[in-house]
Amino acid sequence: MDPTIESDSYSPLRSELPEMFRPPVNRAMRALDRSFFRKTIPLSAATVFKNSDISKVRDKLIKSRDQFALPRLNSVKEIKKDDIVRKCLLLKEEIKHNDIATWSPTVNELVDSGAVGLGPYDLTLDYDYWNYSDIIAAILPEDMLDEVPQGFTQVGHVAHLNLRDQYLPWKHLIAQIILDKNPTIRTVIRKTEDVGSQSEFRTFPYEHLEGERNMNVIQHEQDCEFHFDYSRVYWNSRLDTEHRRLVDKFQPGEIVCDVMAGVGPFAVPAGRKKIFVWANDLNPHGYEVMQDAVKRNKVQRFVTPHNQDGRKFIQWSAKALLEEEPVTVSIQPKVKRSRNASKEEQAPAPPPEVFNRPNVFDHYVMNLPGNALEFLDAFIGVYEGHEDLFAPHTERALPMVHVYCFSGHSENEIDDHIDICKRMSERLDYPISTEDRVGGSGNTELELSIYNVRLVSPNKQMFCASFRLPRDVAFRKK
């Protein structure tokens, strides 16, 4: 793939090709003309007279650095003369077949020995050879090449562009080149407004640019498969690493409350790891997709989808889980049986893995970075009257809360962390500071950590703040 899977990525173009091998330039082009991009470069080639000598000749030319080298191009070609087809090896552009003064000792030796004969070769490069960066650099105005759209987000077969205003006159051309140069892309769209600007479901208005008008995608992540209409649900392929990081914190047999679960990028992989999840999303279509993903990935025994408002779900789910009947999942390990051994000789099957679903949550996940912090006050009194379920009365700790949020992108990262702690404190009506980290000088029982997820824009950073729910918050009388 040429552009990376990263939205709103702009950088200077740095071609890996020498200038003479770059495509023809047409800065007036608005509609893509593939036939324009064709160039013939005169080179010299060493024709190998015996096919059995090809490897030996090539090794010598590579060692002497006489072989022509260009990215993505095979230097072994076929040449036809007098109805005879032979293999030839392209030579670097400095070597002239009709000027012995340009030949290296190796080339001289190969010619003198009769292994090869030198002659002209016209190398033709066309649109199919050059990559996205090569073509776009030959089209855009020179004063726009310092920062060129180099990336997109890919969801299934859909490429999603964020284009700055100055590149809009070339939007269809850019989209068509991306479509041509990426075999897995069949649809190219452009986001026209910010995510969630017109929908509480975090969908976004978009413009179809090129390719199929088909937004029904199949997306794979963490060995799970999701089928959904990308225009109706939220999905961010750039968060794959973050989904893995957090799921790796959960242990088999624990139970997670995924408050803003989307189509299940945390919940379904967690279910595959034998982790119980109550997964909730407000979007009815997202809920349907999550139900499908749960069945499709065979995690029905561990993942339970819900369709409620997130704030209500935090309070309701804690009480509902306490009242639910116990759930036990028994999984028989797969055992390889020997075809030749008798029943008596077979080793006894190991005991099944047994997972008993807890009746209180071990983790809460709140992946709605735009406003998840505003939901934190729903934890106030969430376990009021149930103090006896937790330490010091039992060995069970209060749940960890993992809340996603945005903050600035300050020169000093600690300033952003202080800002996040202040906002969490206000919603919980409980003091949290950066000193409450493990090893800090504050309230280390909170086990606070603030993880920098990714830079969204020059002035906007996404974070995940994790902390253990304070006793004063969980048991407070409302």
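Just so it is clear, the model here is predicted, and its values are computed rather than measured. Worth knowing before you read on, the calculation uses all heavy atoms, side chains too, and leaves out hydrogens, waters and symmetry mates.
Of the possible donor and acceptor atoms, none in the side chain of Thr328 sits under 3.5 Å from a partner among the backbone N and O of Asn356. Judged by distance alone, the side chain of Arg311 and the main-chain N or O of Glu374 form a donor-acceptor pair under 3.5 Å. A donor-acceptor pair under 3.5 Å is absent between the side-chain atoms of His386 and the main chain of Phe390, judged by distance alone. Checking side-chain atoms of Arg72 against main-chain N and O of Tyr129 turns up a donor-acceptor pair under 3.5 Å. Of the possible donor and acceptor atoms, one in the side chain of Arg468 sits under 3.5 Å from a partner among the backbone N and O of Leu398. Formation of a donor-acceptor pair under 3.5 Å by the Ser425 side chain with backbone atoms of Ile432 is found in this model. Without hydrogens or angle criteria, Lys39 side chain to Met20 main chain gives a donor-acceptor distance under 3.5 Å. Using a distance-only test at 3.5 Å, with no hydrogens or angles considered, no donor-acceptor pair links the side chain of Asn182 to the main chain of Leu179. Arg454 places no side-chain N or O within donor-acceptor distance of the main-chain N or O of Gln461, the cut-off being under 3.5 Å. Without hydrogens or angle criteria, Arg27 side chain to Leu140 main chain gives a donor-acceptor distance under 3.5 Å.
A 4.5 Å side-chain heavy-atom check between Ile177 and Ile139 finds at least one atom pair inside the cut-off. In this structure the side chain of Ile420 reaches within 4.5 angstrom of the side chain of Ile450, judged on heavy atoms. Counting heavy atoms from C-beta on, the side chains of Trp130 and Leu125 come closer than 4.5 Å. Under the 4.5 Å side-chain criterion, counting only non-hydrogen atoms from C-beta, Asn280 is not in contact with Ser317. With contacts defined as side-chain heavy-atom distances shorter than 4.5 Å, the pair Met366/Val401 qualifies. Taking the side chain as every heavy atom from C-beta outward, Glu16 and Asn131 approach each other to under 4.5 Å. With a 4.5 Å cut-off on side-chain heavy atoms, Val299 and Phe276 do not count as touching. Contact of the Thr444 side chain with the Asp436 side chain is not registered, since no non-hydrogen atoms from C-beta on lie closer than 4.5 Å.
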Given Arg396 and Asp362, is the salt bridge (Lys or Arg N to Asp or Glu O under 4.0 Å) satisfied, shown in steps?
CA-CA 9 Å; Arg396 173 168 288 280; Asp362 295 285; 2.8 Å; yes
Evaluate the side chain to side chain contact (heavy atoms under 4.5 Å, CB included) criterion for residues Arg190 and Thr192: first the C-alpha distance (whole Å), next the side-chain angles of each, then the deciding distance (0.1 Å), finally the verdict.
CA-CA 6 Å; Arg190 177 181 76 89; Thr192 57; 3.6 Å; yes
For a side-chain hydrogen bond (donor to acceptor under 3.5 Å, both in side chains) check, start with the C-alpha distance between Glu447 and Ser466, then their side-chain angles and the critical distance, and finish with the verdict.
CA-CA 8 Å; Glu447 301 177 39; Ser466 299; over 6 Å; no
Go through Asp472 and Arg476 one step at a time and tell me if the salt bridge (Lys or Arg N to Asp or Glu O under 4.0 Å) criterion holds.
CA-CA 6 Å; Asp472 183 63; Arg476 190 184 306 166; 3.2 Å; yes
List the steps and the verdict of side-chain hydrogen bond (donor to acceptor under 3.5 Å, both in side chains) for Glu221 and His243.
CA-CA 9 Å; Glu221 187 172 294; His243 295 154; 2.4 Å; yes
Kindly indicate, with the supporting measurements, whether the criterion salt bridge (Lys or Arg N to Asp or Glu O under 4.0 Å) is fulfilled by Lys477 and Glu384.
CA-CA 6 Å; Lys477 292 185 178 180; Glu384 178 191 351; 5.8 Å; no
Run the side-chain hydrogen bond (donor to acceptor under 3.5 Å, both in side chains) test on Asn297 and Glu225 for me, step by step, so that the C-alpha distance in whole Å, both residues' side-chain angles and the decisive distance to 0.1 Å come before the verdict.
CA-CA 7 Å; Asn297 294 283; Glu225 183 172 290; over 6 Å; no
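Enclosure of atom CD in Gln332 by more than 12 non-hydrogen atoms of other residues, nucleotides or ligands within 6.0 angstrom is indicated. In this structure, Arg38 places its CZ atom where only 12 or fewer heavy-atom neighbours from other residues, nucleotides or ligands lie under 6.0 Å away. Heavy atoms of other residues, nucleotides or ligands lying less than 6.0 angstrom from NZ of Lys312 number 12 at most. Heavy atoms from other residues, nucleotides or ligands lying under 6.0 Å from CG of Asp223 number 12 at most.
Between Phe379 and Tyr364, the distance separating the two ring centers is shorter than 6.0 angstrom. Here the two rings, on Trp235 and Phe228, have centers that are under 6.0 Å apart.
Note: His363 and Phe250 have tilted aromatic rings, judged against thresholds of 30 and 60 degrees for the angle between ring planes. Taking the six-membered ring where the residue is Trp, Trp278 and His306 present tilted rings, their angle falling between 30° and 60°.
Of the N and O atoms on the side chains of Asp33 and Ser35, at least one donor lies less than 3.5 Å from an acceptor on the other residue. Neither side chain, Asn216 nor Tyr230, offers a donor N or O lying under 3.5 Å from an acceptor on the other. Using modelled atom types, one finds a donor on one side chain and an acceptor on the other under 3.5 Å when comparing Asp229 with Ser231. Side-chain atoms of Asp419 and Ser407 form a donor-acceptor pair, as typed in the model, at a separation below 3.5 Å. In the model, Asp134 has no side-chain atom that pairs as donor or acceptor with a side-chain atom of Tyr132 under 3.5 Å. Side-chain contact check for Tyr383 and Glu387: no donor-acceptor pair (N or O, by modelled atom type) lies under 3.5 Å. Between the side chains of Gln154 and Thr184, a donor-acceptor pair is found at a separation under 3.5 Å. Defined by atom type and a distance below 3.5 Å, a donor-acceptor pair is missing between the side-chain atoms of Glu242 and Tyr451.
Shortest non-hydrogen contact noted between Val473 and Leu469 is CG1-CD1, 4.1 Å. The two residues Phe226 and Pro265 have their closest heavy-atom pair at CZ-CA, 4.2 Å. Contact between Leu368 and Asn371 at its shortest, heavy atoms only, is CD2-OD1, 2.7 Å. Heavy-atom minimum distance, Val268 versus Cys224: CG1-SG, 3.7 Å. Glu325 approaches Arg357 most closely through the heavy-atom pair O-NH2, 3.5 Å. Among all heavy-atom pairs drawn from Ala279 and Ala267, the shortest one is CB-CB, 3.7 Å.
Interatomic distance, Thr241 OG1 to Leu246 CG, rounded to the nearest 0.5 Å: 13.0 Å. Considering CZ of Arg471 and CG of Leu446, their distance stands at 12.5 Å, rounded to 0.5 Å. Distance check, rounded to the nearest 0.5 Å: CZ of Arg427 to CD1 of Ile380 gives 8.5 Å. Remark: Phe302 CZ to Ile255 CD1 distance equals 11.0 Å, nearest 0.5 Å. Between Glu413 atom CD and Thr434 atom OG1 the span is 11.5 Å, to the nearest 0.5 Å. The OH atom of Tyr206 sits 11.0 Å away from the NE2 atom of His160 when rounded to the nearest 0.5 Å.
Between Leu448 and the choices His417, Glu435, Met424, the side-chain contact (heavy atoms from CB on, under 4.5 Å) rule is met once, by Met424.
Taking the side chain to side chain contact (heavy atoms under 4.5 Å, CB included) definition, one finds that Glu445 meets it with Asn443, sequence neighbours left out.
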